[in-house]
Amino acid sequence: MALTLPSLLTALDAIGRIDLAGTVGYGIWTPDGRAPYGSWVDALLAIGTETPRVPGWRAALADSEIGLGPVEAGLTALAALGPYLPNERHMIHGDLLSRNVLAADGTITAVLDWGNALYGDSLYDAARLMYWWPWYPQWRAIDIYAELLAHWHATGPPARAPPCLPHPYRPRCHRLLHLPTPLGRSTAQRRRRGHAGQQRTGRERPQPPMTGPP
């Protein structure tokens, strides 16, 4: 994995740059290039709604020891963050960690199974790598977050710069401040920009509810 990771991250960039001309919508797309949602936030929140593709999961979870509580709490937090999410529209593979990537001699040779591909924020694929990485014990020696930042330092920012969300949703935002402009800005730059924005509008940008883990 250490040998192949640079090629994988390059492939991730290439996926995010796929030309979407002639396509519409957000979320999982059909062969005619159409996706069902009007915004990226709507596509993300749709995970809480059952579809014919994955039926019965809400009832099964409600009958389990876990219950629906954690899912509903997560959807509530996601809805609170919705106004801070960009409405970027790029290609997302959506399933890179399910034996869908072939490699030889440290180079990606094929990316298979586009059945979960979406239109939306291309950082979704990077976020999925970060989320699933600890589930693979043989990969834990690699800091995937640090590798992503190093890759973006070397190649330039991804299709969209990672957000620096307001507290309490920003456990690693301080690390993003060291990225080159426009991916990151210094604290002083952001402070000056914030003051200028307040002078122009006479009000501060609304903050999301102060709930969730610190």
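Side chains of L85 and L44 form a contact here, defined as non-hydrogen atoms less than 4.5 Å apart. Looking at L12 and L129, their side chains come closer than 4.5 Å, going by heavy atoms from C-beta outward. The side-chain heavy atoms of I92 and R128, taken from C-beta on, include no pair separated by under 4.5 Å. W29 has its side chain out of reach of R34: every pair of non-hydrogen atoms, C-beta onward, lies at least 4.5 Å apart.
Atoms NE2 and OG1, from H151 and T10 in turn, are 5.0 Å apart once rounded to the nearest 0.5 Å. Between the NE2 atom of H90 and the CZ atom of R17 there is a distance of 11.0 Å, given to the nearest 0.5 Å.
Of all heavy-atom pairs between S122 and G16, the closest is CB-CA, 4.1 Å. Of all the heavy atoms in I144 and M130, the pair that sits closest is CG2-CA, 3.9 Å. Considering all non-hydrogen atoms of both residues, I18 and M91 come closest at CD1-CG, 3.9 Å. Residue W114 comes nearest to V111 through the heavy atom pair NE1-O, 3.0 Å, listed as atom of the first residue, atom of the second, then distance. Of all heavy-atom pairs spanning Y131 and W135, the tightest one is O-CD1, 3.6 Å.
Considering D42, N87, D121 as possible partners of Y26, the one that fulfils the side-chain hydrogen bond (donor to acceptor under 3.5 Å, both in side chains) test is N87.
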**Study point:** Steps toward side chain to side chain contact (heavy atoms under 4.5 Å, CB included) verdict (Y124, H93)
**Key:** CA-CA 9 Å; Y124 190 74; H93 182 272; over 6 Å; no
**Study point:** Stepwise side chain to side chain contact (heavy atoms under 4.5 Å, CB included) test for D143 and W133
**Key:** CA-CA 9 Å; D143 184 341; W133 206 261; over 6 Å; no
Exercise for review: Decide yes or no on side chain to side chain contact (heavy atoms under 4.5 Å, CB included) for W57 and T51, but give the supporting numbers first.
Suggested key: CA-CA 10 Å; W57 67 265; T51 66; over 6 Å; no
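Transitive grouping of hydrophobic side chains (ILVMFWY, heavy atoms separated by less than 4.5 Å) keeps I15 and L112 in distinct clusters. By the criterion of side-chain heavy atoms lying less than 4.5 angstrom apart, applied directly or through intervening Ile, Leu, Val, Met, Phe, Trp or Tyr residues, I108 is not grouped with L3; the two fall into different hydrophobic clusters. In the hydrophobic clustering of this structure, Y37 does not group with V24; members are Ile, Leu, Val, Met, Phe, Trp, Tyr whose side-chain heavy atoms approach within less than 4.5 Å, directly or through other members.
For D105, the CG atom sits in a loose shell: 12 or fewer heavy atoms of surrounding residues, nucleotides or ligands are nearer than 6.0 Å. For L20, the CG atom counts as densely surrounded, since its 6.0 Å shell holds more than 12 non-hydrogen atoms of other residues, nucleotides or ligands.
Remark: aromatic rings of W40 and Y119 are distant, center separation not under 6.0 Å.
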Review item, side-chain donor-acceptor pairs of residues 96-103, under 3.5 Å, at least two apart:
{"from": "S98", "atom 1": "OG", "to": "D95", "atom 2": "OD1", "distance (Å)": "2.8"}
{"from": "N100", "atom 1": "ND2", "to": "D95", "atom 2": "O", "distance (Å)": "2.8"}
{"from": "N100", "atom 1": "ND2", "to": "D95", "atom 2": "OD2", "distance (Å)": "3.2"}

May I have the list of side-chain donor-acceptor pairs in residues 61-83 shorter than 3.5 Å, sequence neighbours left out?
{"from": "S64", "atom 1": "OG", "to": "L61", "atom 2": "O", "distance (Å)": "2.6"}
{"from": "S64", "atom 1": "OG", "to": "I66", "atom 2": "N", "distance (Å)": "3.3"}
{"from": "S64", "atom 1": "OG", "to": "G67", "atom 2": "N", "distance (Å)": "3.3"}
{"from": "E72", "atom 1": "OE2", "to": "R58", "atom 2": "NH2", "distance (Å)": "2.3"}
{"from": "T76", "atom 1": "OG1", "to": "E72", "atom 2": "O", "distance (Å)": "2.9"}

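No side-chain donor-acceptor contact under 3.5 Å links E50 to the backbone of P55.
Inspection of the R53 and N116 side chains reveals an N or O donor paired with an N or O acceptor under 3.5 Å.
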